[in-house]
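All remarks here apply to the structure that follows.
Proteins come first, then strands; the chains are lettered A, B, ... in the order of their sequence lines, and each starts at number 1.
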2 protein chains.
Amino acid sequence: MPTRSQCPISNVLDHVGDKWSLLIIRDLMFFNKHAYSDLQNSDEKMATNILSSRLEKLEGDGLISKRVDPNDKRKKVYRLTPAGVDMLPILIEMIVWSSNHAPDLNIPTELVAKARSDRAGLIQDLTSRLTAQLNT
Amino acid sequence: MPTRSQCPISNVLDHVGDKWSLLIIRDLMFFNKHAYSDLQNSDEKMATNILSSRLEKLEGDGLISKRVDPNDKRKKVYRLTPAGVDMLPILIEMIVWSSNHAPDLNIPTELVAKARSDRAGLIQDLTSRLTAQLNT
DNA sequence: ACATTTAACTTTTAAAATGCAAGTTAAATT
DNA sequence: AATTTAACTTGCATTTTAAAAGTTAAATGT
């Protein structure tokens, strides 16, 4: 996606403004999915060619990294980069929005409670957990 | 867009997971654009048929409302609903993300500073300003 | 009052993206 | 050595997007 404008919101959408990219980031962020097949098996069932092209774009955009699994060279390990980790507050606010406007979904109640009571702490905790993974 | 899963993030993307919808919300939220032609003239220049279909979907999803301008019956007035206003924290976090990872864009520095120093106050202020508009 | 302009769309059509199924390749397992 | 697994790629039909032109009703200008 070419840059459409100098707007910071538009800029984020240039990276993740589609139906799938943020779900990949979600899976890397909250569900410890790191393999292609893990990502393919999320509830939304994204097509393999789309997954492939989104991973390629996210990597090109510097939001995720890809490396060969040293224990099994067939496998690739996908991870969030620091820029990808920093998408966390956006995802948290999406969860909060749904908890307010679509409460019948599978809302992670505990996370939402923490987001309300100690938002900065929650982000700190999750960020350091994710950042720790980067050095393994 | 049909519901893809029970995930709260996926749910938000079912509403605004495309390149354009959040830009419409941005324009209603930050730039006081309320007419079709205003929205059409944003920097990203969305095609008129796309704008039309997005407005229709956003209205159907309960994020915006549409009414005839009483002063000029050719005009329609588009506004955010409370659910639309509640997207504000998501947009703020996008702005913050770009301020950190794409600082060369047009970052609203003052807003970002406020977001860092008194996030709750910022959201409160902007929300009440937007909510006030709903009763005019 | 009549012609022109404005606002909000709709329609058309070509190009691009998506979604589905099947196929490929290299590495691990049996 | 044969089979299975993981990560893709390819082909093709369908859907969505984008760009341009056209429509309709209301307001404005003369």
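Atom pair Met1(A):CE and dT16(D):C1' shows a separation of 14 Å (rounding to whole Å applied). Separating the CZ atom of Arg54(B) from the P atom of dC9(C) is a distance of 15 Å, rounded to the nearest angstrom. Look at CD on Glu44(B): it is 16 Å from P on dT17(D), rounded to the nearest Å. Look at CG on Leu51(B): it is 12 Å from C1' on dA7(C), rounded to the nearest Å. Per the geometry, CD belonging to Glu59(B) stands 14 Å off C1' belonging to dC9(C), to the nearest Å. The nearest whole Å value for the distance from the NE2 atom in His34(A) to the P atom in dA7(D) is 13 Å. Straight-line distance from the CG atom of Asn41(A) to the C1' atom of dA7(D): 13 Å, rounded to whole Å. Between the C1' atom of dA16(C) and the CG atom of Asp18(A) lies a distance of 15 Å, rounded to the nearest Å.
Between Thr48(A) and Tyr36(A), the side chains place a donor N or O and an acceptor N or O closer than 3.5 Å (distance only, hydrogens not considered). With no hydrogens or angles considered, no side-chain donor-acceptor pair links Thr3(B) and Asp14(B) at under 3.5 Å.
No more than 12 heavy atoms of other residues, nucleotides or ligands lie within 6.0 Å of CD in Glu56(B), so this atom counts as exposed by the packing criterion.
The two residues Arg26(A) and Ser42(A) have their closest heavy-atom pair at NH2-CB, 3.7 Å.
Of the possible donor and acceptor atoms, one in the side chain of Asp38(A) sits under 3.5 Å from a partner among the backbone N and O of Ala35(A).
Dashed line: the shortest gap from a side-chain N or O of Lys75(B) to OP1 or OP2 of dT6(C) is not under 4.0 Å. Distances shorter than 4.0 Å separate none of the side-chain N or O atoms of Lys76(A) from OP1 or OP2 on dT5(D). An OP1 or OP2 oxygen of dA7(C) is reached within less than 4.0 angstrom by no side-chain nitrogen or oxygen of Ser37(B).
With contacts defined as side-chain heavy-atom distances shorter than 4.5 Å, the pair Lys45(A)/Ser5(B) does not qualify.
Remark: Asn49(B) pairs with no residue by the side chain to side chain donor-acceptor pair (under 3.5 Å) rule, at least two apart or across chains.
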When every nucleotide of nucleotides 19-29 of chain C is labelled 5' to 3' by its protein contacts under 4.0 Å (heavy atoms), B for base, S for sugar-phosphate only, - for none, what sequence of letters results?
-> BB-B----BS-
